[in-house]
Amino acid sequence: MTVRTRFAPSPTGMLHIGGVRTALFSWLYAKRHGGVFVLRIEDTDRERSTEEATQVILDGMEWLGLHADEGPFYQTRRMDRYREVLEQFLASGHAYRCYCTKEELEAMRARQLEAKQKPRYDGTCRHRTEPRPGVDPVIRFKNPQEGVVIVEDEIHGNVRFENSELDDLIIARSDGTPTYNFCVVVDDWDMRITHVIRGDDHLNNTPRQINMLKALGGTPPKYAHVPMILGADGAKLSKRHGAVSVLQYREEGYLPEALLNYLVRLGWSHGDQEVFSLEEMIRLFDIKDVNKAASAFNPDKLLWLNQQHIMRSTPEHLAKHLKPHLAALGVPVDDEEKLAAVAKSQQERAKTLKEMAQNSVFFFREPAAYDEKAAKKNLTAEAKPALELVMEKLGALETWSAAAIHQAVNDTATQLGVGLGKVAQPIRVAVSGTSVSPPIDVTLEVLGREMTLQRLKKAVEYCGRV
RNA sequence: GCUCCCAUCGUCUAGAGGCCUAGGACACAGCCCUCUCAAGGCUGGUACGAGGGUUCGAAUCCCUCUGGGAGCGCCA
């Protein structure tokens, strides 16, 4: 049987890393088993669902590369099917119309809470035969009152629920629209989902869903309820630490594979390995190995992993992702070859693409001004002779290569009887405007002879002025 | 309140009875390397929530407690 998994977010809030992780687990599981990954948008709550949130889900999945093999399906377009099953349940006696008013329900709830009981519907309308005038009924599922439901969970093992703990849940509102738990069951069955991988906040819903599925004549899929992600402070994920739109991570300069790597390691591991390529994740990941306990989101480790992935990337891959960040800084680049060379020179010293872009602007545009401290320390009268000499040597170079540049810089230091730093640092400030850049030979090579000499000339003049 | 879930360094985790004087990673501190920043290397501190069992032996199995989380909506 082909493995079929699904990711079924509701577009009521922003897609954040918690959702992305369950999506990733489902996607990985499908890929690993040569299965099918389905995307379904659960938008039955017309009040709270937004176009914007739907778009974030679609864009986020696209950016991360978690492509759906089927879908996106929208629940709002499946209303006819839900109505059909509703009628079927009503006809077969698996469901009934309930005429209890909201006020009555609230009163019942208050009484039960008062008596320190679990609030639940008491089944008043189970045997009602006549409609109640003036009340638009809801439809309730007639849950079995005896016996147990065993949820066979890939992560938690068998979890046992007494049917006597469950009540008759509402599956259609008084306006006739179906509710979440019901739609999920119909959809998962219709879409022939074999593995339901979702947050463990749904574990308690599962026995009801299994009961409805059985009423539908279906057989339960495999379940895997994955632990939730907590904020860095160990509390529930909030906007302060990670509960932001996934797209935020793109803006901040994270590589999609780095975010995925971070997320896959939350609650899952493979020996001591920390860095995983996408291929390794697919090959090594198994839902059975996922931990049961919730885990806290650690931005520092995500940052470190991003750097690891940047270091391991090909310059071309980096260039592709770096480009929009440079553009955002007002530096549109069309020289792909130079962009790749820049990325290569920076990939060992940037934790994010945003940072890389900021530190790479000087390769394309002359700095408006020198960093004050850097200039004061390095563009001094003492540095002037070094800059003049190295400028002369660089100008005379036959080939403009890192090796040749390295030689020229070294020779300058030797000739002047000073350390390499006394020559390299002033050059660095001269060309980049700051005291930080890739190794000076590489920097100059990528920058090109023309811009190098031009900026050195300016620096020499600057040294003369102070 | 009731039901269900969970519990190893600050954080992510390894550990499926002896290999554990508990390993790795992030972060932190120090040192080395060094043209800057990084990267890399080395060193260091910090953890099995508590109490009972079972066993020759328990982080690992069982029970109780404690602590945390989820669900109990005409939300998803």
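Chain identifiers are assigned alphabetically (A, B, ...) following the order of the sequence lines, protein sequences preceding nucleic acid strands; residue numbering begins at 1 within each chain. Just so you know, these numbers come straight off a predicted model, no measurement behind them.
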[X] has a side chain; which of [options] sits nearest to it?
| X | options | result |
| --- | --- | --- |
| A:Asn291 | B:A25, B:C4, B:U13 | B:U13 |
| A:Met228 | B:C5, B:A14, B:A70 | B:A70 |
| A:Ala296 | B:C12, B:A76, B:U3 | B:C12 |
| A:Pro119 | B:C2, B:A76, B:G1 | B:G1 |

[M] and [N], which share atom name [atom1], separated by this distance in whole Å:
| N | M | atom1 | result |
| --- | --- | --- | --- |
| B:G44 | B:C4 | P | 47 Å |
| B:A16 | B:U21 | C1' | 22 Å |
| B:C63 | B:C5 | P | 12 Å |
| B:A59 | B:G18 | P | 10 Å |

Which residues satisfy the salt bridge (charged side-chain N to carboxylate O under 4.0 Å, His left out) test with [X], sequence neighbours excluded?
| X | result |
| --- | --- |
| A:Arg160 | A:Glu162 |
| A:Arg48 | A:Asp45 |
| A:Asp200 | none |

Inset, instruction - Examine distances only and state if a side-chain atom of A:Asn306 and a backbone atom of A:Gly253 form a donor-acceptor pair shorter than 3.5 Å. - result: yes
Inset, instruction - Keeping the roles fixed (side chain from A:Ser432, backbone from A:Val429), state whether a donor-acceptor pair exists under 3.5 Å. - result: no
Legend entry - Donor + acceptor pair across side chains of A:Ser437, A:Thr443 (<3.5 Å): yes
Rounded interatomic separation in angstrom, taking [atom1] from [X] and [atom2] from [N]:
| X | N | atom1 | atom2 | answer |
| --- | --- | --- | --- | --- |
| A:Arg160 | B:C5 | CZ | P | 11 Å |
| A:Glu162 | B:U3 | CD | P | 11 Å |
| A:Asn306 | B:A25 | CG | P | 20 Å |
| A:Met108 | B:G73 | CE | P | 11 Å |
| A:Leu169 | B:C74 | CG | P | 9 Å |

Inset, instruction - Using a strict cut-off of less than 4.0 Å between a Lys/Arg side-chain nitrogen and an Asp/Glu carboxylate oxygen, indicate whether A:Glu165 and A:Lys118 qualify as a salt bridge. - result: yes
Legend entry - Side-chain donor/acceptor of A:Asp272 to base of B:A14, under 3.5 Å: no
Legend entry - hbond_proxy A:Glu274 side chain to B:G24 base (donor-acceptor, 3.5 Å cutoff): yes
Legend entry - Qualifying residues under side chain to side chain contact (heavy atoms under 4.5 Å, CB included), relative to A:Ala459, sequence neighbours excluded: A:Tyr370, A:Leu379, A:Leu387, A:Ala430
Inset, instruction - May I ask you to test the A:Thr5-A:Val38 pair for a side-chain heavy-atom distance under 4.5 Å? - result: no
Would you mind classifying the nucleic acid contact of [X] as base, sugar-phosphate or nothing, using non-hydrogen atoms under 4.0 angstrom?
| X | value |
| --- | --- |
| A:His202 | base |
| A:Asp45 | sugar-phosphate |
| A:Val138 | base |
| A:Asp167 | nothing |
| A:Arg48 | base |
| A:Lys102 | base |
| A:Thr434 | nothing |

Any-strand Watson-Crick or G-U partner of [N], both distances under 3.5 Å:
| N | result |
| --- | --- |
| B:C48 | none |
| B:G18 | B:C56 |
| B:C26 | B:G10 |
| B:A76 | none |
| B:G40 | B:C32 |
| B:U3 | B:A70 |

Legend entry - Sequence neighbours excluded, every pair satisfying ring-ring contact (aromatic ring centres under 6.0 Å, His included) that has a member inside residues 255-276 of chain A: A:Tyr262-A:Phe297, A:Trp268-A:Phe276, A:Trp268-A:Phe285
Legend entry - Counterpart residues, ring-ring contact (aromatic ring centres under 6.0 Å, His included), relative to A:His156 (two or more places apart): none
Inset, instruction - Apply ring-ring contact (aromatic ring centres under 6.0 Å, His included) to A:His94 and list each qualifying residue two or more places apart in sequence or on a separate chain. - result: A:Phe89
Inset, instruction - For A:Gln273 and for A:Ser10, locate the closest nucleotide of RNA chain B by heavy-atom distance; then report the residue assigned to the nucleotide nearer the 5' terminus. - result: A:Gln273
Legend entry - Which residue lies more 5' along RNA chain B, comparing A:Asp289 with A:Ser174 via nearest heavy atoms: A:Asp289
Legend entry - Strand-adjacent residues in residues 252-268 of chain A, judged by heavy atoms under 4.0 Å from RNA chain B: A:Arg265, A:Leu266, A:Gly267
[N] phosphate, OP1 or OP2: any side-chain N/O from [X] under 4.0 angstrom?
| X | N | result |
| --- | --- | --- |
| A:Ser295 | B:U13 | yes |
| A:Thr12 | B:A76 | no |
| A:Lys301 | B:U11 | no |

Legend entry - Qualifying side chain to side chain donor-acceptor pair (under 3.5 Å) pairs, either residue in residues 351-364 of chain A, two or more places apart: A:Gln307-A:Lys351, A:Gln346-A:Ser360
Inset, instruction - Could you list all the side chain to side chain donor-acceptor pair (under 3.5 Å) pairs where at least one residue sits in residues 410-421 of chain A, not counting sequence neighbours? - result: A:Lys393-A:Gln415, A:His406-A:Asn410, A:Gln407-A:Asp411
Interface polar pairs with nucleotides 34-40 of chain B, N/O, under 3.5 angstrom:
| from | atom 1 | to | atom 2 | distance (Å) |
| --- | --- | --- | --- | --- |
| B:C35 | O2 | A:Arg428 | NH1 | 3.0 |
| B:C35 | O2 | A:Arg428 | NH2 | 2.9 |
| B:C35 | N3 | A:Ile440 | N | 3.3 |
| B:U36 | O4' | A:Gln425 | OE1 | 3.1 |
| B:U36 | O2' | A:Ser435 | O | 2.8 |
| B:U36 | N1 | A:Arg428 | NH1 | 3.3 |
| B:U36 | O2 | A:Arg428 | NE | 3.4 |
| B:U36 | O2 | A:Ser437 | N | 2.9 |
| B:U36 | O2 | A:Ser437 | O | 3.0 |
| B:U36 | N3 | A:Arg428 | NH2 | 3.1 |
| B:U36 | N3 | A:Ser437 | O | 2.6 |
| B:U36 | O4 | A:Pro439 | N | 3.1 |
| B:C37 | O2 | A:Arg349 | NH1 | 2.9 |
| B:C37 | N3 | A:Arg349 | NH1 | 2.5 |
| B:A38 | O2' | A:Glu348 | O | 2.3 |
| B:A39 | OP1 | A:Gln307 | OE1 | 3.4 |

Report, one pair per line, the protein and nucleotides 63-66 of chain B atoms (nitrogen or oxygen only) whose separation is under 3.5 Å.
none

